[in-house]
Amino acid sequence: LETGAKRIQRLLFEQKFKDAMMISISQSEKDRLISSSELVAIDEAGQILGATSQAHRLIDLQSPGDLVGKQFDVLFEADASALDACPELVQKTENSAGKMLSFATLRQPGSIYSSRGKCPTPGKMRPQRVRRRLPPTLRQLAIGSETLADLFELAQAHFTRALPFTIEGASGTGKSALVAALHAAEGPHQSQIVTIDCASLEDNEASRNYIATLIEQALVTDAIDDTENDLTTLVFDNIDELPDFAQKKLRSLLSTLENAAHGLGDSEPVSAIRVVATCRFPLISAVDDGRLRDDLYYLLGNTRIELPPLRKRQRPEAVAAAIAADLAGFEVELTPEAEDAIRCHSWPGNIRELRGAIRQSLLIGDGRRITLPDLCSTSVFRAPKAGCVEKESSPRVVLNTIFDEKKLLQDALLSANWNISRAARNLGMGRTTIHRKMKQFEIARPGSTNPTDGD
């Protein structure tokens, strides 16, 4: 009833101030799905003409009348002109009272880009999403694996239509990154994500109230076609650790959403609520162990997106290159020896471990080129002896020839900016050995003929 009354108020407000600029203001509340945003109408000079009934509470004023006639920028500490110039902008600021507020211009009624229920034409018009290929962020996540690209297309199809699915994969394989990328692909007016850490829920009154309120608001959000919200995504992280009382609530929600779904249009969501579950292990094992209800599994697990470990990707070195470019802000060269080492490492920590190793390598080296000594100096690759980096699956990594040892030494010196002490530490050698090998291979600092220069 409260939500319905608020929607009526907004429609009347939009009608009254249809010729003014309207700004939607909301305060972040992580435990609420139903938006608590308020509307403020301002004129060309930035003066407030009117506001919905609770807008004054966002800045701790006594009554709605305290807003009228005042300058919007001064009261709300936000730049109205920037919002007007860029309708796609969502501005977030923390005001002097310590409240984090979000500001956005209200989309025009009648536009095909209006939010759910605001378009006056029949049929709930929504922008048609024609996607012939994965959007950039999803393509980046699929680098080095053709299998992942196909899986992400399946995930995107389910996400767009608000169909529940489960993402399975070991720690560090990118489950949260996939959800974030799917969410980002929706465009600038994307809806909210609410993540529930199932492992942190306990069978106590606080957790029971939290889940009950969450599910209740999800049902209300989906039931009201005119709600001001776009789609809301509920992410149940570590779903296999969801307590029994919460499993019953989630099963009830999924059953309601399933019964209310009507057809599968090309891009039409079947619900205002998306439910995505993540799990580090195959979810069916939780059913076999009695930790998860089988009916909940079949509501969630009919579509499984299984993310493979990094060691099973066809080209892990391509993933490393993409991570390096993302961290450095430009394309970073990986030497063939470094690529071989990346292909041969087992990566038990998956993408998370690789990102840490690449970050350390960029800091250790010159920041533009990653060599084998750079990788071997990280905490991930326990520094091997020079000339003995081996892995059964890739004979190219065996560096036991004179040419390979010379190349290894040159890479170490370049990465250390010709600081011999630092190169020696990276290679696990003594400085005397470095000097001897520099003379042996006739390696000298650029611009010098003496191999010992730079000691």
Side-chain angles (χ1 to χ4, degrees), residues 134 136-152 155 167-182 184 237-238 278-281 305-384 389-399 408 411-412 415 426-428:
L134 292 174
T137 307
L138 286 171
R139 286 204 304 273
Q140 291 165 8
L141 290 181
I143 285 174
S145 174
E146 290 77 9
T147 303
L148 277 182
D150 294 337
L151 282 175
F152 290 170
I167 305 174
E168 297 177 358
S171 179
T173 51
K175 299 184 292 295
S176 298
L178 174 56
V179 174
L182 290 168
D237 198 18
N238 300 309
T278 69
C279 186
R280 288 177 294 163
F281 309 99
I305 307 298
E306 187 177 355
L307 302 183
L310 180 59
R311 64 181 177 274
K312 290 189 177 180
R313 291 204 189 187
Q314 291 93 335
R315 294 182 297 115
E317 71 279 6
V319 183
I323 291 174
D326 179 58
L327 292 173
F330 49 81
E331 189 172 344
V332 175
E333 178 191 354
L334 270 70
T335 65
E337 293 80 14
E339 290 183 345
D340 282 334
I342 288 169
R343 277 193 293 271
C344 295
H345 190 60
S346 60
W347 299 111
N350 296 296
I351 302 294
R352 187 176 295 124
E353 181 186 359
L354 176 61
R355 178 173 286 271
I358 295 298
R359 182 185 290 111
Q360 284 183 265
S361 297
L362 290 171
L363 292 172
I364 290 168
D366 63 6
R368 296 184 175 274
R369 184 169 176 265
I370 294 178
T371 67
L372 182 59
D374 297 332
L375 283 174
C376 290
S377 301
T378 68
S379 59
V380 171
F381 286 86
R382 297 289 183 255
V389 181
E390 301 184 16
K391 187 76 175 182
E392 290 181 3
S393 60
S394 180
R396 286 185 61 202
V397 183
V398 181
L399 303 177
L408 186 68
D411 283 342
S415 293
N426 290 347
L427 287 173

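Heavy-atom basis, side chains included; hydrogens, waters and symmetry copies ignored. Computed from a prediction, not measured in an experiment: that's the story for all the values here.
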Heavy atoms of A328 and G367 approach each other most closely as CB-O, 4.3 Å

Can you find a pair of side-chain heavy atoms, one from I351 and one from R313, that are under 4.5 Å apart?
-> yes

Heavy-atom pair of closest approach, residues T137 and A181 | CG2-CB, 3.6 Å

What closest approach, in Å, do A341 and L372 show between heavy atoms, and which atom pair accounts for it?
-> CB-CD1, 3.6 Å

Quick one: which of I342, T173, N350 gives a side chain to side chain contact (heavy atoms under 4.5 Å, CB included) with L310?
-> N350

With a 4.5 Å limit on heavy-atom distance, are the side chains of L354 and I323 in contact?
-> yes

Counting only N and O atoms by type, is there a donor-acceptor contact under 3.5 Å from the side chain of R368 to the main-chain atoms of L362?
-> no

List the atom of A320, the atom of L334, and the distance in Å for their closest heavy-atom pair.
-> CB-CD2, 4.0 Å

For the residue pair P316 and R311, establish whether any side-chain heavy-atom pair is separated by less than 4.5 Å.
-> no

Under 4.5 Å between any side-chain heavy atoms of L148 and L141, yes or no?
-> no

What residues, two or more places apart in sequence or in another chain, satisfy salt bridge (charged side-chain N to carboxylate O under 4.0 Å, His left out) together with D326?
-> R355

Given side chains that start at C-beta, do those of N238 and F281 come closer than 4.5 Å, heavy atoms only?
-> no

If you round to the nearest 0.5 Å, how far is CD of E317 from SG of C344?
-> 10.0 Å

Keeping the roles fixed (side chain from K175, backbone from C279), state whether a donor-acceptor pair exists under 3.5 Å.
-> no

R369: partners by salt bridge (charged side-chain N to carboxylate O under 4.0 Å, His left out), with sequence neighbours left out = E333, D411

Please report the closest heavy-atom contact between A322 and I143, naming both atoms and the distance.
-> CB-CD1, 3.6 Å

Applying side-chain contact (heavy atoms from CB on, under 4.5 Å), name anything that partners S171, two or more places apart in sequence or on another chain.
-> R280, R352

L375 side, atom CG; S361 side, atom OG - distance, nearest 0.5 Å = 4.0 Å

With a 3.5 Å cut-off and no angle check, do the side chains of D150 and T147 form a donor-acceptor pair?
-> no

